[in-house]
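These notes concern the structure reproduced below.
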Amino acid sequence: MPEGHTLHRLAGSLNGAFAGTVPTLSSPQGRFADGAAYLSGRELHEAAAWGKHLFVEFAGEAHLHVHLGLIGAFDVTAYSARGGDDEGYAAGSPGGALPPPVGAVRLRIATGTHVADLRGATVCEVATTQEVDAVIARLGPDPLRADADPDRAWRRIVKSPRSIADLLMDQAVLAGVGNVYRSEILFRHRVDPWRPGRDIRPVTWRALWRDLLLLMPIGVQLGQIITMSDQVETVLAGDFDPAAVPTSPTGVSAWRPNPHGALERRYYVYKRQGEPCRVCGSRVRMAEVAGRNLYWCGRCQRRR
DNA sequence: AGGTGATGGTCAC
DNA sequence: TGACCCTCACCTG
């Protein structure tokens, strides 16, 4: 699942595979048949991510709007025998034949060398420029976009009685952070997840934002959420070669564990309820906040 | 073979 | 707050 890093990585993969080409779009599963036909045969200009939304612009101001939801996946694969290993994509089926769709493929984008299959998305629709702009206008700043303004999020946070754990998951406040980054970022700064936004100190918010600016690009680069300091250090030191990380068996399904070469999947608190805190040994807790399970250490993250 | 959960979000009440 | 949507890996038996 896709938090913001998945979508930004996906935009890059789609651009590498399709930008400037005129792909064929289809809906093997059938539920996006009309939209695929409408977009098919147009030049694909550019894919871009805003928070957890993906937009792909085609010629004629026609856009594809995708939201992967909780379980969606968009796999980008090089399949031609000749191009199988180029551009960092997983090698496709030998022989250069377009592989048949597997499972419920809502949308397939294909050229002679690359294919992208979308499954399980909650949103897959054709959109006008105005509709794209309307979606973007609803979103808070996205730490993965260079022009993001953290003050815009801060103005919402500082006047809110809602908990910081609730606010971090609100895409209108901050776009792209999901349930893993939420729990982990709060732990990294020892912030009490139940503290109301209006009681968060400016220095704390600046630290959280700065940390997202560090962590999320690593997530984009590796296709994996890295939050533990030793792993962050490993990546920053260059000891870890992202090129050694396969984008997946079939491309960019970033939330699926990388089968080989990935850093060990290890977090401070996420999904560790009942286990000892890695810092103080206290039992990691879990509670539902904003409809999702929040994980935190009740001892480390107190009164801050 | 069947049940469940998962890094998300929307809509009705 | 709860129902519901989407797909598939990973349990259970």
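Here is the naming used below: chain letters follow the sequence lines, and residue numbers restart at 1 for every chain.
- Under 4.0 angstrom from either OP1 or OP2 of B/dG9 there lies at least one side-chain N or O belonging to A/Q171.
- The phosphate of B/dG9 (OP1 or OP2) has a side-chain N or O of A/K52 nearer than 4.0 angstrom.
- Remark: A/R9 is not in phosphate contact with B/dT7, judged by side-chain N or O atoms under 4.0 Å from OP1 or OP2.
- Across all strands shown, A/G291 has no heavy atoms under 4.0 Å from either base or sugar-phosphate atoms.
- Checking the phosphate oxygens (OP1, OP2) of C/dC6, a side-chain nitrogen or oxygen of A/R31 falls inside 4.0 Å.
- Using a 4.0 Å cut-off between charged side-chain N and carboxylate O, A/D230 and A/R278 make no salt bridge.
- Alongside A/V123, the hydrophobic cluster contains no other residue (criterion: ILVMFWY side chains under 4.5 Å).
- A close approach under 4.0 Å does not occur between any side-chain nitrogen or oxygen of A/K271 and OP1 or OP2 of B/dG5.
- One P atom belongs to B/dC13, the other to C/dC5, and the distance between them is 15 Å to the nearest Å.
- Going from the C1' atom of C/dT1 to that of B/dT7 covers 23 Å, rounded to whole Å.
- For A/N293 and B/dT4, the CG to P distance is 16 Å, given to the nearest whole Å.
- Residues A/L263 and A/L215 are members of one and the same hydrophobic cluster, defined by side-chain heavy-atom contacts under 4.5 angstrom among Ile, Leu, Val, Met, Phe, Trp and Tyr.
- For A/Y267 and B/dA6, the OH to C1' distance is 12 Å, given to the nearest whole Å.
- The base of C/dT7 is not paired with the side chain of A/R106 by any donor and acceptor separated by under 3.5 Å.
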For residues 145-154 of chain A, run the donor-acceptor check on the side chains, cut-off 3.5 Å, and write out each pair with its distance to 0.1 Å, sequence neighbours left out.
| from | atom 1 | to | atom 2 | distance (Å) |
| --- | --- | --- | --- | --- |
| A/R145 | NH1 | A/A49 | O | 2.7 |
| A/D149 | OD1 | A/D151 | N | 3.0 |
| A/R152 | NH1 | A/L139 | O | 3.3 |
| A/R152 | NH2 | A/L139 | O | 3.4 |

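- Within the nucleic acid shown, A/G120 comes within 4.0 Å of at least one base atom, counting heavy atoms only.
- Atom P of C/dA3 sits at a distance of 15 Å from the matching atom of B/dG5, rounded to the whole Å.
- Nucleotide B/dG8 holds its C1' atom 16 Å from the CG atom of A/L168, rounded to whole Å.
- OP1 or OP2 of C/dC6 has not a single side-chain nitrogen or oxygen of A/R119 nearer than 4.0 Å.
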Could you run down the sub-3.5 Å N/O contacts of the protein with nucleotides 11-13 of chain B?
none

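- Nearest to the side chain of A/Q29, among C/dT7, B/dG9, B/dA6, sits C/dT7.
- For the pair A/R272 and A/Y270, the cation-pi criterion (under 6.0 Å, within 45° of the ring axis) is not fulfilled.
- Note: CZ (A/F74) to P (B/dT7) measures 22 Å, nearest angstrom.
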